[in-house]
Amino acid sequence: MSKLKFLFIAFSWLFLSATIPLSSFAQDSLINYEDVDFGTGQAETTSEQDTLFSTEDVVFSDGQDSQDTTTSSVAATAAPEESKSLWGIFIAGLIGGFAAFLMPCIFPMVPLTVSFFTKKSGSRGKAVSQAFLYGLFIIVIYVALGMLITIAFGAEALNALSTNGIFNFLFFLLLVVFAASFFGAFEITLPSSFVNKIDSNSDKSGLIGLFFMSASLAVVSFSCTGPIIGTLLVEAATKGERLGPAVGMFGFSLALAIPFVLFAMFPSLLKSLPKSGGWLNSVKVVLGFLELALAMKFLSNVDLAYNWQLLDREVFLALWIVIFGLMGLYLLGKIKFSHDSDLPYLSVPRTMLTIIVFSFVVYMIPGMWGAPLKSIAAFLPPIGTQDFDLANASHVSAPTGSADASSRKHYTHFHSRATIKGFDPYYDYDEALAAAKAQNKPLMIDFTGWTCVNCRKMEASVWSDPKVRNLINENFILVELYVDEHDLKLPEAEQYVSKETGKKINTVGKKNTDFQITRFQSNSQPLYAIVGADEQLLVPASGANYDIDSYAAYLQSAIDAYKAK
């Protein structure tokens, strides 16, 4: 395989690692943060001093449901969505494993390992069988690691992480540390005594020796693979799947094991491998830039959930433009880190990657003035946080009859930074239901969240379409219910204990979550439920649907059902 192919494989994973959707769902967390005050911005309403967020409550996912449901539409879509999520985790792990193979801690070990098998075994058949066992033990070790993560923390606690401000901030710091490690500031290594003990056992014969050889690869290469594994486990854990960490590690280890087995089967392929050199360190540094870009997403989640209003859309884009711009300059050789070798000329693969990176930078620049940037909109803060928005300066006006919209409950808290232009929703269910009855329209309930990636993707790719936007504005009363809103406290008189979970409901987010679970037996976002004046579903509730025509047909079916009543 040529150097060009290897570098393109690496870049593919690196780019994907910065764009993995973050989501989760769970019911009763094993971790309680009731007494932890993470800090907030200014709230619209205040009451007794209490928690901002408790992972004891149900947390949230992007279009995936973790509960048994009685609503047929939710039950029908849950299994396919969960299957897609696991496949996504597996593919991310697979590509991550191929990228890890290109790390300077692993790539140079391939010829030595393959040579060991071929010389020690004495025959090609035995060498291949030993290589298969070696690869199998690599898979067993990493999958066991994924299972241990779930067992140690508990599936529910892992699922709670993606919507918890404290952990999102810790993930941000963790990824910054990973990036610094890849830039060469330090190495993340395991204790030398542990490494030496594992390595000494690899000299044993038989299956035990092969197992410890695989273990040696895992521990010796940890300085390179640790950040990749850490990022993958964080993403898998926050996907809301019990088997997420194990599936992610299976994909990672499978990709890592395949080359060793393949080269043991066909040793002549070793001649086609590019020579080790400075380009291996370049892979690490490029990954470091992407770790830094991904860290911004976790910080954005915290900023949105706690209303800090520091990382607005244009600030987020400015940071990404700078990060990817520096990556492009690094690929050109204009920036060097401590472990980099001299770059006498640009290779073809490096030139191609540079073109891709700078093209991405140029693509993002119009977003500073409000361009939708649909391909990455799901990972950006909501367009409502954009201060200077030329793209929506002459947007379609909101529905008629909304002159007094600012007097609606929670309107000033949500509308300016949460709602995409051209819509004028309510943010309280009871208020919206009363308006729907008064205007003789069906009520469209949008269960959404600040950290919901699929919600942002639906808004940017589907709701922004004129056909869909007009259908919603002209035919429905829209209410957006944020399930992870921690900043708005409920007045003392409105607080209660949930009959479903037994938890204290003292914030707007908890109230919306409890309503979604008790009324629609679902805790996934986005969830679109369209009801009539009797509060009964007109059509089955729907999750994310990125086909504009299909989603428009869904809305039209609800309109027809309402008229038929």
Side-chain angles (χ1 to χ4, degrees), residues 23-28 57-82 85 156 159-160 163 240 410 425-437 441-452 454-455 458-459 462-463 472 476-485 490 494 496-503 505 507-545 551 554-555 557-559 561-562 565:
S23 58
S24 70
F25 57 85
Q27 192 162 350
D28 294 318
D57 296 323
V58 179
V59 292
F60 326 104
S61 70
D62 289 358
Q64 303 152 11
D65 202 341
S66 64
Q67 301 191 83
D68 292 330
T69 71
T70 58
T71 304
S72 60
S73 63
V74 176
T77 58
E81 289 292 344
E82 291 171 6
S85 178
E156 290 80 9
N159 294 339
T163 54
H410 310 317
Y426 289 78
Y427 302 98
D428 179 78
Y429 174 76
D430 294 327
E431 192 176 40
L433 181 63
K437 292 178 179 179
K441 289 183 177 181
L443 176 62
M444 181 176 179
I445 309 170
D446 171 23
F447 289 101
T448 184
W450 293 113
T451 60
C452 175
N454 287 348
C455 301
M458 279 293 295
E459 293 164 1
V462 181
W463 280 30
I472 295 175
F476 299 94
I477 295 297
L478 175 64
V479 57
E480 291 189 332
L481 301 180
Y482 279 77
V483 295
D484 56 355
E485 171 53 51
L490 291 173
E494 297 181 18
Y496 64 96
V497 175
S498 170
K499 295 179 181 179
E500 184 76 19
T501 64
K503 310 302 178 184
I505 306 302
T507 66
V508 170
K510 294 177 183 178
K511 178 183 177 181
N512 292 337
T513 302
D514 188 60
F515 174 58
Q516 182 181 2
I517 292 171
T518 56
R519 177 65 179 83
F520 300 102
Q521 294 78 49
S522 171
N523 66 349
S524 64
Q525 290 79 47
L527 182 73
Y528 306 108
I530 303 176
V531 301
D534 57 359
E535 300 185 65
Q536 298 302 309
L537 286 171
L538 296 171
V539 291
S542 171
N545 181 355
Y551 191 76
Y554 168 76
L555 295 177
S557 67
I559 296 169
Y562 183 78
K565 278 193 172 185

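Across all their heavy atoms, Leu433 and Gly532 have their closest contact at CD1-O, 4.4 Å. Taking every heavy atom of both residues into account, Ala436 and Ile477 meet most closely at CA-CG1, 3.7 Å. When all heavy atoms of Val539 and Ser557 are compared, the closest pair comes out as CG1-OG, 3.6 Å. Tyr426 approaches Ala432 most closely through the heavy-atom pair CB-CB, 3.7 Å.
With Gln525 as the partner, the side chain to side chain contact (heavy atoms under 4.5 Å, CB included) test is satisfied by one option alone out of Asp484, Val483, Leu481, Thr513: Val483. Shown are Trp450, Tyr427, Tyr429, Phe447; of these, the ring-ring contact (aromatic ring centres under 6.0 Å, His included) with Tyr482 is made only by Trp450.
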Apply the test side-chain contact (heavy atoms from CB on, under 4.5 Å) to residues Lys511 and Glu494: give CA-CA distance (whole Å), side-chain angles for both, the deciding distance (0.1 Å), then the verdict. CA-CA 10 Å; Lys511 178 183 177 181; Glu494 297 181 18; 4.2 Å; yes
Show your working on side-chain hydrogen bond (donor to acceptor under 3.5 Å, both in side chains) between Asn545 and Tyr528 and close with a plain yes or no. CA-CA 10 Å; Asn545 181 355; Tyr528 306 108; over 6 Å; no
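Side-chain contact between Leu527 and Gln516 is present, with heavy atoms from C-beta onward closer than 4.5 Å. Side-chain contact between Met444 and Leu555 is present, with heavy atoms from C-beta onward closer than 4.5 Å. By the 4.5 Å heavy-atom criterion applied to side chains, Val497 and Ile505 are not counted as neighbours. Using a 4.5 Å heavy-atom cutoff, the side chains of Glu535 and Ile445 are not in contact.
The NE2 atom of His410 sits 8.5 Å away from the CD atom of Glu431 when rounded to the nearest 0.5 Å. Once rounded to the nearest 0.5 Å, the distance linking CG of Asp446 with CD of Glu459 reads 6.5 Å. Taken to the nearest 0.5 Å, the CD1 atom of Ile530 stands 9.0 Å off from the CG atom of Leu443. Atom CZ in Phe476 sits 4.0 Å away from atom CD1 in Ile559 (nearest 0.5 Å).
Counting non-hydrogen atoms of other residues, nucleotides and ligands closer than 6.0 Å to NZ of Lys499 gives a total of 12 or fewer.
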